[in-house]
2 protein chains.
Amino acid sequence: MRVLGIDPGSRHTGYGVVASDGDRLISVAYGSVPLPATVPLPVRLGRIFAEISRLIEETRPEEMAVEDVFVSRNARSALILGQARGAAIAAGIHGGVGVFEYSALAIKQAVVGYGKAEKGQVMQMIRLLLGLHDLNDPHAADALAVAVCHIHARTVSRRFRIADRP
Amino acid sequence: MRVLGIDPGSRHTGYGVVASDGDRLISVAYGSVPLPATVPLPVRLGRIFAEISRLIEETRPEEMAVEDVFVSRNARSALILGQARGAAIAAGIHGGVGVFEYSALAIKQAVVGYGKAEKGQVMQMIRLLLGLHDLNDPHAADALAVAVCHIHARTVSRRFRIADRP
């Protein structure tokens with residue numbers, strides 16, 4: 001299967017497309033959309049939508065996974081982050097791709113095997129899992145991580161389904 | 001000019017298209033998109049995007065105006081509201097329409113003449129201004145109000161521009 005992972009943000013939105021072939025994971029595309037603060041927010045949201053739409057068209061993922069953002073700080077920043085997330089999810093649905101959400105805890109658990117792993121550990125594991133030794137963009141790494149998490153979740157549910165059969 | 005006003009919300013997103021002809025204001029279309037809580041959020045965001053895209057195509061507004069939401073409650077609700085707003089604004093930009101934002105204070109000031117007006121007063125003034133005696137949907141009324149506010153702002157800036165000329 002092929003999954004588009006998204007790490008939404010109003011300054012940088014990371015993306016990563018991961019394909020699974022049996023137990024092997026292959027990175028198809030990754031990067032991040034820079035969204036300079038000097039650009040008005042509506043234009044930034046339009047750019048997120050356009051870039052994700054383009055990615056879906058070019059890489060044809062079957063599903064999309066988005067990190068369910070952790071709301072720690074104030075309501076104002078949650079509102080801005082929510083808008084970036086809304087534009088990204090709208091692009092997925094508009095592109096005919098099912099959208100799934102995972103908490104940061106679930107993503108770290110799936111990728112590192114430990115829900116309280118550091119950000120650096122996630123990047124390191126993504127480098128190893130996908131053979132991306134030069135990966136240095138934390139937004140792309142987080143996006144690839146949520147894609148890997150979704151593939152793990154899908155594989156587990158498929159195994160259970162097979163095991164359920166008489 | 002013709003303006004699409006949007007009152008974004010994750011449960012109901014109101015819309016209203018208003019055209020101005022000299023000093024006359026005409027309502028072209030209005031209503032709200034119901035977004036039941038039983039429907040998953042990504043699907044609701046997709047519906048907001050699709051409905052606004054359809055409206056832009058059918059009514060051809062030149063500009064879009066969105067209420068800049070007042071963040072009073074917790075970060076969680078701000079995040080959800082932000083996502084609805086992000087999907088709506090992405091639809092505007094994707095549809096080639098310039099997007100403008102107004103505070104609730106500015107909208108009430110423009111429509112009622114008093115920034116601290118009650119919601120019911122806004123609906124009453126919208127009914128009078130647009131001749132919509134049966135209007136009863138508060139989300140549609142708020143959306144029409146932000147469209148009227150934008151037309152007022154545009155008219156004022158145009159008048160200033162004309163006055164500036166030698």
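Order of the sequence lines fixes the chain letters, A, B, ..., with proteins taken first and strands second; residue numbering starts at 1 for each chain.
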Joint hydrophobic cluster, [X] plus [Y], side-chain heavy atoms closer than 4.5 Å:
| X | Y | answer |
| --- | --- | --- |
| Phe100(B) | Val97(B) | no |
| Met64(A) | Leu41(B) | yes |
| Met123(A) | Leu25(A) | yes |
| Val146(A) | Ile126(A) | yes |
| Tyr15(A) | Leu129(A) | no |

| message | Rounded at 0.5 Å granularity, tell me how far NE2 in His94(A) sits from CG in Leu45(B). | response | 14.0 Å
| query | How many angstroms lie between atom CD1 of Ile93(B) and atom CZ of Arg44(A), to the nearest 0.5 angstrom? | reply |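 Result: 11.5 Å between the selected atoms.
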| query | Any chance CD of Glu118(B) has more than 12 other-residue heavy atoms, nucleotides or ligands included, within less than 6.0 Å? | reply |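 No, not enclosed.
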| message | Using 30° and 60° as the class boundaries, would you call the ring planes of Phe49(A) and Phe49(B) parallel, tilted or perpendicular? | response | parallel
| query | Between Gly82(B), Gly98(B), Pro40(B), which has the largest tally of heavy atom pairs under 4.5 Å with chain A? | reply | Gly82(B)
| Where do Leu81(B) and Leu79(A) come nearest, in terms of heavy atoms and distance? | C-CD1, 4.3 Å
| Closest contact, heavy atoms only, Val99(A) versus Pro42(B) |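 What the structure gives for the nearest pair is CB-CB, 3.9 Å.
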| field | chain B contacts, top residue of Ala90(A), Gly92(A), Ala91(A) (heavy-atom pairs, under 4.5 Å) | value | Ala90(A)
